[in-house]
There are 2 protein chains.
Amino acid sequence: MVKLTAQRQAILDLINASNRHWDAEELSRALGDAGQAVGIATVYRGLAFLEAEGLVASIQLADRKRYERADKAHHDHMVCTACGHIEEFAHATIEALQEAAARERGFTISGHQLVMFGRCADCTKGNNT
Amino acid sequence: MVKLTAQRQAILDLINASNRHWDAEELSRALGDAGQAVGIATVYRGLAFLEAEGLVASIQLADRKRYERADKAHHDHMVCTACGHIEEFAHATIEALQEAAARERGFTISGHQLVMFGRCADCTKGNNT
DNA sequence: AGAGGAATGATAATCATTATCATTATCAAT
DNA sequence: ATTGATAATGATAATGATTATCATTCCTCT
């Protein structure tokens, strides 16, 4: 079984090269621009594979799924509804309380997602739409 | 401007009548079964209106949006990935910590969503798929 | 070199949601 | 009650992200 193919490696490299939160199409386009064209279907499959292997992480937003590096400590996200900026934050206490709440209810949690929506610092000041 | 029409009232009544988390199609089907047929497009528009008015609340899951009563204290959700059961939980401390984290970063939060995924108590015991 | 199995890529299909548009209902003023 | 303006409805088409299909290509092992 092959697995980490050239295309998947290219996707992974691109994600690892920054702190961006990419969607599938952005990745396909960026790879094309870099001379390493990868079909959109392959990008989707590659992302599913990379995520299953724990090599990339993702957040499910309302409209699309976005992927980011996995080699960071666990964190959650604040999404600016004005400019799209995504900011990360980690909070050990919140994590611990979540787990406790799940345990109390007999839930075996396999994951969670906390997303806060609002206006980032810049947009709060600048009065963006 | 009219607003709370018969169809919207019917949607609202149905949602208020239980603790279920409905998606648009379930609502349309249930209304049809109850002799009060409402077109699917009207259900979507009605839900958007009702949510904008604060009359219903929603959670955005990976695949679809689900609506529930708004006349409950704020709470978050645990979703069972085996049976689909949705359980609610409220945690004032988590809420407060979230707000503090946002404030620290200059974020003006307008909302948030915390969803935990895993197996509910029954499915953990019963070994469902 | 050839076979078997997996990955790729172009494209069709799917599915939730939104847009379109003709028709109908509602409200206010006559 | 009739008209007119405005908004809502419902059937259906369109959209957009994601997944499935399938012929072709690529590995890897023999």
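So you know, we letter chains A, B, ... as the sequences are listed, proteins then strands, and number each from 1. Just so it is clear, the values below take in all heavy atoms, side chains as well, and ignore hydrogens, waters and symmetry mates.
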>> Looking at A/T5, I'd like to know whether one of its side-chain N or O atoms comes within less than 4.0 Å of OP1 or OP2 on D/dC27.
In response: no
Review item, nucleotides 14-16 of chain C N/O atoms under 3.5 Å of protein N/O:
| from | atom 1 | to | atom 2 | distance (Å) |
| --- | --- | --- | --- | --- |
| C/dA16 | OP1 | B/R64 | NH1 | 3.1 |
| C/dA16 | OP1 | B/R64 | NH2 | 3.4 |

> With a cut-off of under 6.0 Å to the ring centre and 45° to the axis, is A/R8 in cation-pi contact with A/F49?
Replying inline: yes
> Is any side-chain N of the basic residue among B/K65 and B/E51 closer than 4.0 Å to the acidic one's carboxylate O?
Replying inline: yes
>> Testing A/L114, A/L61, A/I59 one by one against A/H77 for a side chain to side chain contact (heavy atoms under 4.5 Å, CB included), which residue passes?
In response: A/I59
> Atom NZ of B/K3 and atom P of D/dA8: how far apart are they, to the nearest Å?
Replying inline: 6 Å
>> Without decimals, in angstroms, what is the distance between A/Y67 OH and D/dA17 C1'?
In response: 11 Å
> Using a heavy-atom distance cut-off of less than 4.0 Å, which residues of residues 26-40 of chain B contact DNA chain D?
Replying inline: B/A37, B/V38, B/G39
> Charged N to carboxylate O under 4.0 angstrom, B/E88 versus B/K72?
Replying inline: yes
> How about A/S28 and A/V43: do any of their side-chain heavy atoms sit closer than 4.5 Å?
Replying inline: yes
> For A/H75, which of A/E68, A/E87, A/E95, A/H91 qualifies under side chain to side chain donor-acceptor pair (under 3.5 Å)?
Replying inline: A/E68
>> Output the rounded distance in Å from CZ (B/R45) to P (C/dT20).
In response: 12 Å
>> Please report the distance, rounded to the nearest Å, between CD in B/Q9 and P in D/dA8.
In response: 15 Å
>> Check whether A/F107 forms a cation-pi arrangement with B/R119 (NZ or CZ under 6.0 Å from the six-membered ring centre, at most 45° off the ring normal).
In response: no
> Considering only side-chain heavy atoms of A/R8, which listed nucleotide, C/dA7, C/dT17, D/dA11, is closest?
Replying inline: C/dA7
> Can you find a side chain N or O atom of B/Q7 that sits less than 4.0 Å from OP1 or OP2 on C/dA25?
Replying inline: no
> Within the pair B/T42 and D/dG10, is there a side-chain N or O less than 4.0 Å away from OP1 or OP2?
Replying inline: yes
>> Counting the benzene-type ring for Trp, do B/H21 and B/H85 have ring centres under 6.0 Å apart?
In response: no
> Below 4.0 angstrom, N of the basic side chain to O of the carboxylate: do B/E25 and B/R64 qualify?
Replying inline: no
>> I need the CZ-C1' distance between A/F49 and D/dT18, as an integer number of Å.
In response: 20 Å
